[in-house]
Asker: 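Below is a structure I'd like to ask you about.
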Amino acid sequence: MNEKVQLPDPNEFFGIRFESIGGLGAHAAGQILATTAVLRMNLNGAHFSSYGSEKKGSVIRSFIRLAALNKSIRSSAPIESPDVIVIFHSALLNQKITIAGMKAGGTLIYNGAENIDPPLLSELPKDVKVIRVNAQKIAVEEKSRPNAVLLGTLTAAVPFLDFDTILQAFSDEFMQRHPEAVASNEKAFRRGAKEFEVLSNVGKAEGDLPIMRPSPIWGYKTAPIGGILPTPGNTVSNDLTVSRMGWIPVFHVESCIHCAMCDMVCPDFCLVWKQIESGEVQLQGVDYRYCKGCLRCVETCPTKAFTKEIEQPGLADKLRVK
């Protein structure tokens, strides 16, 4: 147990919020971090996550509330004004609720490719420390997951989070369930603590950001009488980027024999076909507006005409076939 851990303000809670989608390991990372704080760092801690029944591919928020040993934690409410926000998927930075409540002087860590700065970051408070790490790339190279990388970056960014203590707890957790993953996770964790970039002059706002609470568009006070849909079929755009876990199927027409095996397993009808002059129907590519990245086409294709590729910003728009 570490007797020297000191929070920035021993009289206040220290809040960390993970913004992610199901499948990237945010819930597991939050559990490990809070458990480590309590059992190995002489702190009080609490953790819980919020997600829908489908979980994988849907938005998930994980909340870690830490306090000094003599300060009780009696709240299990979501952390609306966090000291630290960790964003596991860069597409979440298209939504203002992702950074809502960010405290002035806090820290924001996001998983993103080099030289890609989402415009939303300019709405952060001026004195927020912004850290970018290509967690997806590191996770792929080390055969790990982004949660290992981002936990490493978090320990480097927050002084009282002891690197060795958290790494040991992370390794111990996986040693029990997936011992084959311990070495790769440790490498990813260490790289996350080193291979990050602190961005300067990012935020432009003054003071804390206002909180936002998600709520349904329609409720008992606002729903149309009789439950009718006044504007059916009104969607002008669709974007499933945030539902994909960093991967997309990439189509290589030169390897395709147009057997339609991929179309048989695609659950979202996102493959685009065209009839040519001979009357044959041929596959043209993928409409990524409807692709959730399940990669069944990659697994099924007998000629490897589909490959699993890291989704870099703008790649889906470049390759999309309508």
Side-chain angles (χ1 to χ4, degrees), residues 1-2 5 14 16-51 54-66 84-90 92 109-112 131 133-196 244-247 293-295 299 308 310:
M1 183 179 291
N2 192 333
V5 174
F14 189 90
I16 302 172
R17 189 171 80 214
F18 291 167
E19 296 276 350
S20 183
I21 62 170
L24 297 181
H27 177 69
Q31 278 187 320
I32 292 169
L33 183 57
T35 302
T36 304
V38 172
L39 299 182
R40 308 191 188 201
M41 296 175 60
N42 206 31
L43 293 171
N44 274 338
H47 162 262
F48 78 97
S49 295
S50 173
Y51 47 82
E54 65 279 5
K55 189 176 178 181
K56 189 172 183 180
S58 62
V59 173
I60 173 174
R61 293 183 174 90
S62 199
F63 308 98
I64 304 98
R65 186 176 274 109
L66 304 176
V84 179
I85 296 177
V86 182
I87 301 169
F88 282 58
H89 197 302
S90 60
L92 293 169
I109 301 169
Y110 77 98
N111 173 12
I131 298 175
V133 59
N134 199 337
Q136 183 67 28
K137 176 175 178 290
I138 294 173
V140 170
E141 292 174 351
E142 299 299 344
K143 296 181 175 58
S144 181
R145 286 204 293 174
N147 63 347
V149 183
L150 290 164
L151 266 182
T153 306
L154 181 63
T155 61
V158 179
F160 71 83
L161 294 177
D162 184 72
F163 176 92
D164 292 326
T165 301
I166 295 176
L167 175 56
Q168 186 61 54
F170 192 65
S171 298
D172 290 348
E173 176 70 18
F174 279 87
M175 182 62 74
Q176 299 175 23
R177 297 183 297 170
H178 303 288
E180 72 282 357
V182 172
S184 58
N185 284 343
E186 181 175 334
K187 290 178 182 178
F189 187 100
R190 292 185 182 279
R191 288 184 63 181
K194 294 179 180 179
E195 299 178 26
F196 61 85
R244 299 191 287 264
M245 294 184 291
W247 302 95
C294 70
L295 302 175
E299 298 166 356
K308 175 183 176 182
I310 296 176

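Because only heavy atoms are used, hydrogens play no part in the values below, and waters and symmetry mates are left out as well, while side chains stay in.
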Asker: Between OG1 of Thr35 and CG of Asp172, what distance do you get to the nearest 0.5 Å?
Answerer: 12.0 Å
Asker: So which heavy atom on Ile64 is nearest to which on His47, and how close?
Answerer: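 Here Ile64 and His47 meet closest at CG1-CD2, 4.0 Å.
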Asker: For Phe88 and Gly25, which heavy atoms make the closest approach, and how far apart are they?
Answerer: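 In this case the closest contact between Phe88 and Gly25 is CE2-C, 4.2 Å.
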Asker: When you measure from the side chain of His89 to the backbone of Arg244, do you find a donor-acceptor pair of N or O atoms at a distance under 3.5 Å?
Answerer: yes
Asker: Once rounded to the nearest 0.5 Å, what's the spacing between atom OH of Tyr110 and atom CD of Glu19?
Answerer: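 Here the rounded value is 15.5 Å.
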Asker: Could you tell me if the side chain of Ile21 sits less than 4.5 Å from the side chain of Met245, heavy atoms only?
Answerer: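 Touching, per the 4.5 Å side-chain cut-off.
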Asker: Strictly distance-based, threshold 3.5 Å: is any side-chain N or O of Thr153 a donor or acceptor partner for the main-chain N or O of Val149?
Answerer: yes
Asker: So, do Ile60 and Phe18 sit near enough that their side-chain heavy atoms are less than 4.5 Å apart?
Answerer: no
Asker: At their closest point, which heavy atom of Thr155 faces which heavy atom of Ala193, and how far apart are they?
Answerer: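 Looking at all heavy atoms of both residues, the shortest contact is OG1-CB, 4.5 Å.
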Asker: What's the shortest heavy-atom distance between Asn44 and Val38, and which atoms?
Answerer: C-CG2, 4.1 Å
Asker: Taking the six-membered ring of Phe189, is NZ or CZ of Arg191 closer than 6.0 Å to its centre and within 45° of its axis?
Answerer: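 No, a cation-pi geometry is absent between Arg191 and Phe189.
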Asker: If only atom types and distance count, is the side chain of Ser171 paired as donor or acceptor with the main-chain N or O of Gln168 below 3.5 Å?
Answerer: no
Asker: With a 4.5 Å heavy-atom cut-off, do Arg190 and Phe163 have their side chains touching?
Answerer: yes
Asker: About how many Å separate CG of Leu154 and CG of Leu33, when rounded to the nearest 0.5 Å?
Answerer: 6.0 Å
Asker: Answer yes or no: is there a side-chain heavy-atom contact under 4.5 Å between Val158 and Phe14?
Answerer: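 Side chain of Val158 against side chain of Phe14, heavy atoms only: contact under 4.5 Å found.
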Asker: To the nearest 0.5 Å, what is the distance between SG on Cys294 and CD on Glu299?
Answerer: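 The distance works out to 7.5 Å.
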Asker: For Ala169 versus Thr36, what's the shortest heavy-atom pair and its separation?
Answerer: CB-OG1, 3.0 Å
Asker: To the nearest 0.5 angstrom, please state how far the CD atom of Glu186 sits from the OG atom of Ser144.
Answerer: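 The distance works out to 11.0 Å.
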Asker: Compare every heavy atom of Met41 with every heavy atom of Phe160, then report the nearest pair and how far apart it is.
Answerer: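 Minimum heavy-atom separation between Phe160 and Met41: O-CE, 3.3 Å.
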Asker: Could you give the distance from CD1 (Ile109) to CG (Leu151), rounded to the nearest 0.5 Å?
Answerer: 9.5 Å
Asker: Is the shortest side-chain heavy-atom distance between Ile138 and Phe196 below 4.5 Å?
Answerer: no
Asker: Given 3.5 Å as the limit, does a donor-acceptor pair link the side chain of Asn111 with the main chain of Ala135, or not?
Answerer: yes
